[in-house]
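Let me begin by presenting the structure, written as structure tokens, before commenting on it.
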Amino acid sequence: GRKLGQAWLPRAVLAAGAKLRAALEGDSGSNLAFVRQRFPDAVIKVCGEASEKAPPGRGLHVSMLCRDRETLDRIISEVRDLLETAIDLVADGLGFTDEQVQEAFRAVRIRKFGLEVEPRPPAAAAAA
């Protein structure tokens, strides 16, 4: 099976909108490109809306898909660093105190799932 991970930014920082997404992705997506280079077999992408009006489950997050739990844990560690950096970059504009920044770091949600993918039937069997 494959492993799916999601790292969710806390609702409190979603008010930063496009600035938050830009801080997360870096110039021309350079932040995620760096992580993708380190884990070329993984799929890593930014999903959701950078808006406090985003419905539950639709807020800004990073989705990661890879082959094994160990790799997922390593990717999550790097992605968490990116999320915390993004939070730090938008915190001043949101008027956050140092304590609110720390609270936002603690509010990052990490979710992990195991996926079982049904094997495709052989082409010959499908054509028969």
Which pair of non-hydrogen atoms, one from [X] and one from [Y], has the smallest distance, and what is that distance?
{"X": "Arg58", "Y": "Trp8", "result": "N-CZ3, 4.1 Å"}
{"X": "Val13", "Y": "Leu20", "result": "O-CD2, 3.4 Å"}
{"X": "Ala50", "Y": "Leu60", "result": "CB-CD2, 4.0 Å"}
{"X": "Glu49", "Y": "Pro55", "result": "OE2-CD, 3.9 Å"}
{"X": "Phe105", "Y": "Glu84", "result": "CE2-O, 3.2 Å"}
{"X": "Leu89", "Y": "Ala23", "result": "CD1-CB, 3.9 Å"}

In the structure I gave you, are the side-chain heavy atoms of [X] and [Y] within less than 4.5 Å of one another anywhere?
{"X": "Val62", "Y": "Lys45", "result": "no"}
{"X": "Leu24", "Y": "Leu32", "result": "no"}
{"X": "Leu65", "Y": "Leu115", "result": "yes"}
{"X": "Val108", "Y": "Pro10", "result": "yes"}

Checklist entry - Is the CZ atom of Phe34 crowded by more than 12 outside heavy atoms at less than 6.0 Å? => result no
Item to check | Lys112, NZ: over 12 other non-hydrogen atoms inside 6.0 angstrom | outcome: yes
Checklist entry - For Gly26, does its backbone N or O pair with a side-chain atom of Ser30 as donor and acceptor, under 3.5 Å? => result no
Next on the checklist: When you measure from the side chain of Ser77 to the backbone of Arg74, do you find a donor-acceptor pair of N or O atoms at a distance under 3.5 Å?
Outcome noted: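 Here the side-chain-to-backbone pair does not exist.
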Checklist entry - Are Arg80 and Ile110 close enough, and set up right, to give a side-chain contact (heavy atoms from CB on, under 4.5 Å), and what steps lead you there? => result CA-CA 9 Å; Arg80 182 185 284 278; Ile110 303 294; 3.1 Å; yes
Next on the checklist: Working note: Ser51 + Leu14, criterion side-chain contact (heavy atoms from CB on, under 4.5 Å); need CA distance, chi angles, decisive distance, verdict.
Outcome noted: CA-CA 5 Å; Ser51 167; Leu14 295 181; 5.7 Å; no
Straight-line distance of [X] [atom1] to [Y] [atom2], nearest 0.5 Å:
{"X": "Arg11", "Y": "Lys53", "atom1": "CZ", "atom2": "NZ", "result": "11.0 Å"}
{"X": "Thr97", "Y": "Asp92", "atom1": "OG1", "atom2": "CG", "result": "11.0 Å"}
{"X": "Gln6", "Y": "His61", "atom1": "CD", "atom2": "NE2", "result": "4.5 Å"}
{"X": "Ser63", "Y": "Leu4", "atom1": "OG", "atom2": "CG", "result": "5.0 Å"}
{"X": "Phe113", "Y": "Leu72", "atom1": "CZ", "atom2": "CG", "result": "10.5 Å"}
{"X": "Asp73", "Y": "Lys3", "atom1": "CG", "atom2": "NZ", "result": "10.5 Å"}

Salt bridge check, [Y] against [X]: does any charged N sit closer than 4.0 Å to a carboxylate O?
{"X": "Arg38", "Y": "Glu78", "result": "yes"}
{"X": "Asp68", "Y": "Arg2", "result": "no"}
{"X": "Glu99", "Y": "Arg106", "result": "yes"}

Item to check | CA sep, side-chain torsions, deciding dist, call: Arg21, Glu25, salt bridge (Lys or Arg N to Asp or Glu O under 4.0 Å) | outcome: CA-CA 6 Å; Arg21 183 181 284 271; Glu25 293 178 345; 3.4 Å; yes
